[in-house]
Amino acid sequence: MFETGGKPIRKKPIRRKSDSWNEVESAEDILADIFSRVPVKSLLVSKSVSKHWHRLIQSPAFINLQLRWSLEKPNYIIYPYMDEVVNLYLLKGNGEIIEMITLPGCENLPPLSLICSRNGLICCINYPLVPDSDDEVYLIDFEIRICNPATREVYLLPQGSPSKKKISIGVAFGPKPWEYKVFRFFHFKSEAEDTRLECEIYSSSTGSWRGIGVVQHCPMDYEHCPLGSNHIFVNGKVYWFVSSEEDDDIPGFILSVDMEENFRIINLPEEVTQHSSLVDLEGCLSLVAVYDEDEIVDVWVLDDSNEPNWKKKRSDYVPFSSNECIDSVAALKNEIFFITTDHYLIYNLDDGTWTELDLADDFERNLPVVFPYTESLLPCKY
């Protein structure tokens with residue numbers, strides 16, 4: 001304190017920047033809100049700054065908060081070349097490559113197939129190596145891995161029941177973000193030598209398989225997906241195509257199962273071709289069917305899966321030749337991503353426009369697939 005003109009003046013204390021940050025850090029909800037908008041790669045580095053930060057970033061509450069924020073800005077994940085080395089590419093809707101990710105621990109395996117993506121977790125499958133052989137693979141069963149590309153965590157599920165024929169799987173997520181179930185269709189051979197189709201379920205909550213008995217229908221295989229297991233998880237249910245009686249390569253109907261393990265059949269809105277896909281279009285099961293002869297794509301949306309009511313959302317010409325194969329189809333918000341033999345295309349459902357992405361020179365192709373992707377901190381093993 002000092003005087004000027006006879007009046008005492010109080011000097012205000014100078015507030016240091018560190019004091020302000022300490023206040024933010026002590027208000028954990030504010031700090032969590034700030035961190036939730038930071039890329040996962042930076043969050044992983046930040047965990048080593050202090051015990052406080054490590055505890056916060058590892059907490060289930062923060063992992064959920066980060067996921068909710070991340071779901072507002074989804075991208076695509078592309079696996080362009082099915083190989084022993086799993087190189088994944090994160091991609092914006094305009095074709096800009098954000099990052100290339102190589103999954104650890106998958107280098108000396110038979111080629112892996114990426115079959116689904118949800119909440120930052122992906123599922124990869126591969127034929128297992130035959131014991132005591134250098135490169136021979138067992139072409140009936142799969143090794144199943146749940147992976148988080150952002151954290152580089154990879155979890156190999158325990159082996160399921162022996163099967164006498166090729167198996168098929170589908171992955172359901174929920175009800176909590178870090179929970180998932182894997183439905184595994186396998187062919188059991190009894191002592192009487194007859195083979196029957198059964199299903200068992202792996203739960204992330206228990207860490208084990210549980211049989212649910214005989215099932216009537218097996219998901220169909222796909223020509224462009226040598227390991228099969230094409231499916232989509234939408235609003236609490238898993239959906240697969242089942243082959244028609246006339247042609248194994250063409251879908252005849254849809255098989256669904258909910259989280260309570262109730263199976264049911266859904267009829268298709270019309271006859272479709274082998275170039276048909278199931279996608280999640282803004283929370284609704286949708287059918288994308290390309291007709292080669294007419295070079296037309298139809299997009300159908302299922303209004304209510306309990307009382308099936310298909311509505312045609314779009315019918316439009318495709319900008320690629322009928323000679324091209326369709327390798328993969330995915331939907332994100334109001335657009336559909338097509339990978340064909342020669343093109344990477346995005347179709348805008350609002351205005352009916354096609355945009356070709358200039359990706360042909362960015363990576364080699366071998367059975368490429370694309371899925372919507374949201375990075376997260378979710379663990380692969382609960």
Side-chain angles (χ1 to χ4, degrees), residues 74-82 88-98 113-117 220 222-226 230 232 234 239 241 247 249-251 254 268-302 310-373:
N75 292 299
Y76 291 102
I77 189 166
I78 290 185
Y79 181 32
Y81 196 91
M82 184 177 169
L88 306 169
Y89 294 83
L90 303 188
L91 191 75
K92 291 183 179 179
N94 61 5
E96 177 187 347
I97 296 176
I98 303 169
S113 177
L114 173 59
I115 62 170
C116 70
S117 167
M220 68 180 287
Y222 276 79
E223 178 183 354
H224 304 293
C225 183
N230 287 54
I232 191 73
V234 185
Y239 299 90
F241 280 135
D247 191 333
D249 294 328
I250 296 178
I254 296 170
L268 296 169
E270 62 183 11
E271 290 188 8
V272 297
T273 70
Q274 65 185 58
H275 299 310
S276 301
S277 303
L278 297 175
V279 299
D280 178 355
L281 196 56
E282 298 184 298
C284 294
L285 175 68
S286 300
L287 167 67
V288 180
V290 176
Y291 297 88
D292 295 339
E293 293 183 0
D294 301 322
E295 296 186 353
I296 283 177
V297 59
D298 286 345
V299 180
W300 294 83
V301 176
L302 189 65
W310 291 97
K311 289 187 177 181
K312 186 180 288 188
K313 187 176 182 68
R314 273 281 184 177
S315 184
D316 212 337
Y317 288 100
V318 296
F320 49 86
S321 167
S322 60
N323 295 324
E324 292 188 50
C325 294
I326 299 175
D327 291 317
S328 186
V329 177
L332 182 59
K333 295 184 177 179
N334 67 329
E335 59 188 34
I336 301 177
F337 196 130
F338 292 81
I339 300 181
T340 71
T341 305
D342 299 319
H343 299 91
Y344 295 86
L345 298 158
I346 288 184
Y347 178 66
N348 187 298
L349 287 161
D350 291 339
D351 56 21
T353 57
W354 292 86
T355 301
E356 183 168 5
L357 305 182
D358 187 17
L359 297 172
D361 298 329
D362 288 310
F363 30 68
E364 296 182 85
R365 295 158 51 104
N366 178 33
L367 303 170
V369 292
V370 60
F371 292 96
Y373 176 75

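Excluded from the calculations below are hydrogen atoms, water molecules and symmetry mates; all remaining heavy atoms, backbone and side chain alike, are included. Small disclaimer: the values here were computed from a predicted structure and weren't measured.
Figure legend: Arg365 and Tyr344 shown as a cation-pi pair, the cationic atom lying under 6.0 angstrom from the six-membered ring centre and within 45 degrees of its axis.
We find the CE-CG distance between Met220 and Asp247 to be 8.0 Å, quoted to the nearest 0.5 Å. Taken to the nearest 0.5 Å, the CG atom of Leu88 stands 4.5 Å off from the CD1 atom of Ile77. How far OG of Ser286 is from CG of Leu278: 9.0 Å, rounded to the nearest 0.5 Å. Between Ile98 atom CD1 and Tyr373 atom OH the span is 10.0 Å, to the nearest 0.5 Å. The line from CG of Leu287 to CG of Leu281 is 11.5 Å long, rounded to the nearest 0.5 Å. Between Leu367 atom CG and Ser113 atom OG the span is 8.0 Å, to the nearest 0.5 Å.
Here the shortest heavy-atom pairing between Asp350 and Asn348 reads N-OD1, 2.8 Å. Closest of all the heavy-atom pairs between Ile254 and Trp310 is CD1-CZ2, 3.8 Å. Annotation for Cys284 and Leu302: closest pair CB-O, 4.1 Å, computed over non-hydrogen atoms. For the pair Gly93 and Ile346, the tightest heavy-atom approach, listed with the atom from each and the gap, is O-CD1, 3.1 Å. Scanning both residues, Asp298 and Glu270, for their nearest heavy atoms gives OD2-OE2, 3.1 Å. Taking all atoms of both residues into account, the shortest heavy-atom contact from Leu268 to Pro251 is CD1-O, 3.7 Å.
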The test is side-chain contact (heavy atoms from CB on, under 4.5 Å); show your working for Val272 and Tyr291 and say whether it passes. CA-CA 8 Å; Val272 297; Tyr291 297 88; 4.0 Å; yes
Show your working on side-chain contact (heavy atoms from CB on, under 4.5 Å) between Val318 and Thr340 and close with a plain yes or no. CA-CA 11 Å; Val318 296; Thr340 71; over 6 Å; no
Show your working on side-chain contact (heavy atoms from CB on, under 4.5 Å) between Tyr239 and Val234 and close with a plain yes or no. CA-CA 8 Å; Tyr239 299 90; Val234 185; 4.0 Å; yes
Evaluate Leu91 against Leu359 for side-chain contact (heavy atoms from CB on, under 4.5 Å), listing each step before the verdict. CA-CA 10 Å; Leu91 191 75; Leu359 297 172; 3.8 Å; yes
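Below 30°, between 30° and 60°, or above 60°: for Trp354 and Phe338 the angle between ring planes is between 30° and 60°, a tilted geometry. Ring planes of Tyr89 and Phe363: tilted class, angle from 30 to 60°.
Not one N or O on the side chain of Glu356 forms a donor-acceptor pair closer than 3.5 Å with the backbone of His343. Panel note: side chain Thr341, backbone Cys325; a donor-acceptor pair is recorded below 3.5 Å. When atom types are taken as modelled, the side chain of Thr273 and the backbone of Val290 share a donor-acceptor pair closer than 3.5 angstrom. With hydrogens and angles ignored, the 3.5 Å screen pairs no side-chain donor or acceptor of Ser328 with any backbone N or O of Ile339. With Ser322 contributing its side chain and Glu293 its backbone, the two residues share no donor-acceptor pair below 3.5 Å. Remark: side-chain polar atoms of Arg314 are paired, donor with acceptor, to backbone N or O of Leu349 under 3.5 angstrom.
The environment of CD in Glu295 is crowded: more than 12 heavy-atom neighbours from other residues, nucleotides or ligands sit within 6.0 Å. Heavy-atom neighbours of Lys92 NZ from other residues, nucleotides or ligands within 6.0 Å: at or below the threshold of 12.
The side-chain heavy atoms of Tyr76 and Leu332, taken from C-beta on, include a pair separated by under 4.5 Å.
The salt bridge (charged side-chain N to carboxylate O under 4.0 Å, His left out) test applied to Glu364 returns no partner, not counting sequence neighbours.
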